[in-house]
Amino acid sequence: MPAELSPIDKAKFAAARRAVDFVEDGMRVGLGTGSTAAWMVRCLGELVREEGLKITGVPTSSRTADLARQVGITVVGLDEAKWLDLTIDGADEFDPGLNLIKGGGGALLQEKIVATASDQMIVISDAAKEVAQLGAFPLPVEVVPFGWQTTRALIEETLVSMDVLGRNTTLRLNGTQPFVTDEGNYIVDLHLNRIGNPRQLALVLNQIPGVVENGLFIDIADIVIIGHGDGRVELRDINEGKVSHDKIDFMENDNLFSDLGD
Ligand code: 5RP
């Protein structure tokens, strides 16, 4: 492993490497988006190329689709795959009940659709994303561009009656222009600091006209794999109530880094 890889990247890699152990021949696999998920896609690609693993990948963004093809994974759309055995994806925050905030990378809509259409969702993360209560990370809400300022005003009005600590909202930008999602929508980030009732907030936000989806993933994830910079991984199965520990040997995976870089 190159010396320049940061401890956080090593942690993300460790979680990703452990997660691909769950992937079996013939599976239809949802491929998440973000830097942690990118490690997972690279690990899967290596298994496909080196060990003949046969899988079909359903990417959650154009970025992930490009990477998956680049590393040799067969890619299809969700409508072709219909239902998935497993989705592996990163998260921006997760709480003790394995509820998540996602969408830091702007792919929350496809990510939620794909994860919901899967028998199982595995979250891969470094330890810094574990929180007692969700909300320090700004909650992404995808909105249609038409009338987005009105939608944002309605969101702010709705937040007044919600159990949250902050109510500031910002339109996500790409330079000076609005960030545009793969579906051609905008993202409004909600700076809530603490979300008292994530389930209620997720339901209420999705009732607002103009809101397409929000980044709260409630009761969707089944397993979280938490990676550490020294290769240790902790696996928590929320349904079984089981915790197990493992260690990833970085040296065994050295070729992955030299082959592909970042
Ligand atoms: C993208 C996501 C990502 O999973 C989330 O932002 C985590 O990203 P990273 O692994 O780069 O920290 O939800 O929409």
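Order of appearance sets the numbers: ligands from 1, and atoms from 1 within every ligand.
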[atom]: which protein heavy atom is closest, and how many Å away?
atom: atom 12 (O) of ligand 1; result: Lys129 NZ, 2.5 Å
atom: atom 11 (O) of ligand 1; result: Ser35 OG, 2.5 Å
atom: atom 4 (O) of ligand 1; result: Lys102 NZ, 2.9 Å
atom: atom 5 (C) of ligand 1; result: Asp92 OD1, 3.1 Å
atom: atom 1 (C) of ligand 1; result: Glu111 OE2, 3.1 Å

Could you tell me which atoms of ligand 1, counted from 1 in the order shown, lie closer than 4.0 angstrom to a heavy atom of [X]?
X: Gly90; result: 4 (O)
X: Gly106; result: 14 (O)
X: Asp89; result: 4 (O)

Assess whether atom CG of Asp25 is packed by more than 12 heavy atoms of other residues, nucleotides or ligands within 6.0 Å.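 Atom CG in Asp25 is packed in, count exceeds 12.
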Looking at Glu213, Glu111, Glu93, which one forms a salt bridge (Lys or Arg N to Asp or Glu O under 4.0 Å) with Lys102?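 Exactly one pass, corresponding to Glu111.
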Hey, what else clusters with Phe217 if you join Ile, Leu, Val, Met, Phe, Trp, Tyr whenever side-chain heavy atoms sit under 4.5 Å?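 Members alongside Phe217: Phe94, Leu98, Leu100, Met121, Val123, Ile220, Val224, Ile226, Ile238.
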Between Phe13 and Phe250, how do the two ring planes meet: parallel, tilted or perpendicular, split at 30° and 60°?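 Phe13 vs Phe250 ring planes: tilted.
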Would you please name every residue forming a salt bridge (charged side-chain N to carboxylate O under 4.0 Å, His left out) with Arg152, sequence neighbours left out?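 Checked Arg152 against salt bridge (charged side-chain N to carboxylate O under 4.0 Å, His left out); matches are Glu156.
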Would you tell me whether Asn185 and Glu142 have side-chain atoms, one donor and one acceptor, within less than 3.5 Å of each other?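 Indeed, the side chains of Asn185 and Glu142 share at least one donor-acceptor pair under 3.5 Å.
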With a 4.0 Å cut-off, would you call Lys242 and Asp237 a salt bridge?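 Between Asp237 and Lys242 there is no salt bridge, as every charged N stays at least 4.0 Å from the carboxylate O atoms.
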Could you pull out, from [options], the option with a heavy atom nearest to [atom]?
atom: atom 13 (O) of ligand 1; options: Gly103, Ala107, Ala128; result: Gly103
atom: atom 7 (C) of ligand 1; options: Gly104, Gly32, Ala91, Gly34; result: Ala91
atom: atom 3 (C) of ligand 1; options: Thr36, Thr60, Thr33, Thr181; result: Thr33

Could you give me the CA-CA distance, side-chain angles and deciding distance for Thr33 and Thr64, then say whether side chain to side chain donor-acceptor pair (under 3.5 Å) is met? CA-CA 6 Å; Thr33 295; Thr64 298; 3.1 Å; yes
